[in-house]
Amino acid sequence: MRSTQLFSKTLREDPAEAETASHRLMLRAGMISQVAAGVYTSLPLALRAMRKIEAIIRKEMDASGGQEVRMPSLQPVEIWRETGREAGFGDNLFRLKDRRLRDMVLAPTHEEVVTSLARSNISSYRDLPSMVYQIQTKFRDEPRPRAGLIRVREFDMKDAYSFDADEESLDITYRKMLEAYNTIFARCGLPTLAVEADSGAIGGKDSHEFILPAESGEDTILTCSNCGYAANAERARSQKPPMKLEPEGDLDLVETQGIETIQALAEFLKIPSSKTLKAVFYMADGEMVLITIRGDLEVNEIKLKNLLHAKELRLATPEESQAAGLTPGYTSPIGKNNVRLVGDDSINLGNNFAVGGNKPGYHYVNANFPRDFAVETVGDIALAEDGHGCPVCGTSLTTVRGIEVGHVFKLGTYFTETLKANFLDAQGQQRPIIMGCYGIGVGRLLAGAIEQNHDDKGIIFPAPIAPYEVHLLSLNPQDPEVGSAAEELYSRLERAGYEVLYDDRTESAGVKFNDADLLGLPVRLVVSGRNIKQGAVEAKRRQDAEGSLVPLNEVELALAKLLA
RNA sequence: CGGGGUAUGGCGCAGCCCGGUAGCGCGCUAAGAUGGGGUCUUAGAGGCCCUCGGUUCGAAUCCGAGUACCCCGACCA
C-alpha cells in the first residue's frame with residue numbers, strides 16, 4: 001500500500017479527548033474514528049490488525065475442533081425473557097421495535113440463540129462433544145464507555161460455545177480451550193495472565209479471565225509469585241492478616257463523641273484498625289443487611305452477592321438506614337434483631353474488638369464473637385488486598401492492573417435446562433447438554449496490545465498483528481535515483497509476498513520518520529540518496545534504537561531475520 | 001445514576017469577563033526552494049461559532065432550557 005493512497009492520515013497533535021495511550025495513538029495514527037460514545041469506525045490500518053488477530057483466533061479455534069458459524073445480532077426479545085436475561089442485562093441491553101412493533105434486541109452475547117441452535121441440532125450423545133464459534137458484533141449499552149476501544153458499546157467478539165455430555169467431558173473441553181487461549185495470545189505476541197474469575201449470576205463452576213497486564217487496565221489482579229495463584233480481585237481469596245488472641249475482656253460502653261469513622265476510632269482508642277469491627281449497610285433484593293467486618297478489611301460486594309444469592313445488591317441509602325434504626329458511625333450487630341446480620345469470617349480473627357455503641361457518641365470495647373453478638377451467616381466476603389497471604393501457599397500477594405481480553409467459563413446446564421436443549425444418552429435418558437462459553441474481544445485485544453507496546457513516539461506493534469510488516473520510506477522520492485530504487489524495491493517486496501506500507505509522499509525526512517515511529521510497523525526500510533550510493537538501504541526494527549545498512553540484493557534475507 | 005469538565009474550519013486552540021458580524025498554529029490547495037528527524041517562502045480554499053428559545057438596533061460573547069462528548073465515581077458509615 002502506498003501512503004499516498006492510504007485512506008487515513010496521521011495527526012500531528014494529540015486529540016484533546018483521548019487520555020489513554022492506546023486511544024490517543026490509534027486516533028493519531030489514523031486507525032479509528034469516533035462516531036458516538038463507545039462507537040468507532042475501524043479505518044484500514046486498524047481493520048488489518050484486527051483481521052490478523054482474527055486469523056490467529058480462527059486457526060486455533062478450528063484446531064480445537066470449533067466450527068465457525070454466524071448468528072444474528074438482531075434477535076426477538078422472547079428468548080431473552082425465557083432465560084431471565086432481559087432483566088439480567090437490564091439497561092445494558094439495546095432494545096428496538098420492528099415495524100410490527102415487536103420487541104427486538106441487539107444481542108450483547110449469544111447463549112440464547114446458540115442454545116436454541118443446539119436444541120435442534122444435537123439430539124444424541126453421539127453428537128457430542130461439539131463446539132461452534134463466531135467472530136461477530138456485540139452490542140452492549142455500557143453505562144460508561146471509555147478509553148477508545150477498551151470499553152465500547154459496539155464491538156467484535158469471538159465467542160465460542162461448547163456442548164458436552166457430562167462434566168468430565170466438559171473438563172477436557174475447558175482445559176483444551178484454556179490451552180487454545182494461551183496459544184492465541186502467545187501467537188499474537190501478547191503475554192497474558194490466566195486468572196480465576198467470578199462467573200457471575202449465571203453460576204457455573206470454573207471461570208478464567210485472560211488479563212493483559214497494563215497500568216490503564218480496569219481490572220485488579222492478585223498474584224502469588226511463589227505458587228502462581230492468580231485471581232481477579234472480584235473473587236480472589238486470601239489469608240487475612242492474623243491477630244493475636246488476647247484474654248477476653250468485659251464488654252464496656254465508652255463515650256466517643258464525634259468519632260464516626262474506623263480511622264478516627266482507632267486513633268482515639270490508640271489501637272490498630274484491625275482491632276475494630278465496622279458495620280456496613282446493604283440492601284439485598286430489597287432487604288436490609290448489616291455486614292460486620294474487621295476494620296482493616298473492605299467488603300467485596302461480588303463475594304457478598306454470591307454468599308447471599310442476591311440478584312441485586314447495593315449500599316443502603318441514608319434514609320433506608322435511618323428507617324431501620326441504624327446510626328451511621330455508631331452501629332454494631334450487638335443486640336440487633338430487626339435486620340439480617342452477616343459477618344465476614346475475619347470476626348473470628350482476633351478479639352476484644354471496638355464496635356459501634358448503637359447510640360450516637362458511644363462505642364463498645366472488648367466485643368467478642370459469638371459471646372456478644374450473633375450473625376445469621378459467616379463467610380469470606382472481604383476484598384483480598386496487596387500484602388494479604390496467598391490462599392494456597394501463604395506468600396504475600398501482589399496486585400497487578402490489567403485489561404480483560406478473554407474470558408472462559410463453564411456454563412453448566414443453566415441455558416440448556418431453561419431452553420430445553422436435551423440429548424439422549426447411551427441409556428436412553430434425556431439429559432440437558434452441558435455448556436461452556438469462551439470469548440475474546442478483538443478490538444479490545446488490539447487496543448490492549450498498543451497499551452502494552454508503545455513508547456513516547458508511538459506504537460510498537462508485535463509483528464504478528466501489525467497492519468503491515470514493513471514500512472518502506474523513500475526520502476526525497478523526487479530524486480530520480482532514489483525514486484526508482486524505492487519503486488523497484490516496493491514492487492519486488494510485494495511480489496515476494498511481504499506486506500509493505502510504502503511512504504511515497506513528497507514529505508520531508510523528519511515527517512516520514514515520525515510517522516513511521518507513530519504507526520510502529522515492525523521493520524522500517526529507508527531508501528535515500530546516501531544509502532543508494534552504497535547500493536544499500538537502511539533496515540531498522542521499531543523497537544531498536546539503531547538500524548543497519550543492508551545491500552539491496554539482501555533485503556529479503558535481512559527481513560526474514562528482522563521479522564522472525 | 002451522581003460529581004466535574006468541554007463544545008468555535010479536518011486537528012489543536014484563542015476570542016466570551018467588557019455584545020459591533022471570527023482569529024492563530026497544524027493540516028489542505030498552488031508555486032518555488034530544500035532534501036536523514038515534524039524545513040522555508042509566497043499566494044489561496046475552507047466556519048449554520050452544538051441546538052432551540054430569550055434579552056438587544058445588533059449575540060460566538062449576556063440569560064434560560066436542552067443535547068452531545070470527555071474524565072472521576074458507581075463502594076464503608
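Chain naming here is simple, since letters A, B, ... match the order of the sequence lines and numbering starts at 1 in each. The analysis underlying the following values was restricted to heavy atoms, covering all of them including side chains, and did not include hydrogens, waters or symmetry mates.
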Sorted by first residue and then second, give each side chain to side chain donor-acceptor pair (under 3.5 Å) pair with at least one member in residues 550-559 of chain A; sequence neighbours left out. A:Arg492-A:Glu556
Within residues 336-361 of chain A or reaching into it, pairs that qualify as ring pair (Phe, Tyr, Trp, His ring centres under 6.0 Å) - sequence neighbours excluded: none
Should B:A43 form a Watson-Crick or G-U wobble pair with both distances under 3.5 Å, which nucleotide is its partner? B:U29
So which protein nitrogen or oxygen atoms get under 3.5 Å of nucleotides 25-34 of chain B's nitrogens or oxygens?
| unit_1 | atom_1 | unit_2 | atom_2 | d |
| --- | --- | --- | --- | --- |
| B:G25 | N2 | A:Glu13 | OE1 | 2.9 |
| B:G27 | OP1 | A:Arg12 | NH2 | 2.9 |

Filtered N/O pairs between nucleotides 66-70 of chain B and protein, under 3.5 Å:
| unit_1 | atom_1 | unit_2 | atom_2 | d |
| --- | --- | --- | --- | --- |
| B:C69 | OP1 | A:Ala37 | N | 3.0 |
| B:C69 | O3' | A:Gln34 | NE2 | 3.3 |
| B:C70 | OP1 | A:Gln34 | NE2 | 2.9 |
| B:C70 | O4' | A:Glu17 | OE1 | 2.9 |

According to ring pair (Phe, Tyr, Trp, His ring centres under 6.0 Å), does anything in residues 255-291 of chain A pair up with another residue at least two apart or in another chain? List the pairs. none
Across all chains, not counting sequence neighbours, the ring-ring contact (aromatic ring centres under 6.0 Å, His included) partners of A:Phe155 are none
Contacts satisfying salt bridge (charged side-chain N to carboxylate O under 4.0 Å, His left out) that involve residues 27-41 of chain A (not counting sequence neighbours) are A:Asp14-A:Arg28
Both distances under 3.5 Å, Watson-Crick or G-U wobble: report the partner of B:G9, or none. none
Could you work out, with salt bridge (Lys or Arg N to Asp or Glu O under 4.0 Å) as the rule, every residue matching A:Glu86, not counting sequence neighbours? A:Arg81, A:Arg95
Check side-chain hydrogen bond (donor to acceptor under 3.5 Å, both in side chains) between A:Arg146 and all other residues, then give those that pass, not counting sequence neighbours. A:Glu218
Once base and sugar-phosphate atoms are separated, protein heavy atoms under 4.0 Å mark nucleotides 40-49 of chain B, 5' to 3', with B, S and - as ----------
Who pairs with A:Lys540 by salt bridge (Lys or Arg N to Asp or Glu O under 4.0 Å), at least two apart in sequence or on another chain? none
By a strict heavy-atom criterion of less than 4.0 Å, which residues belonging to residues 549-556 of chain A are in contact with RNA chain B? none
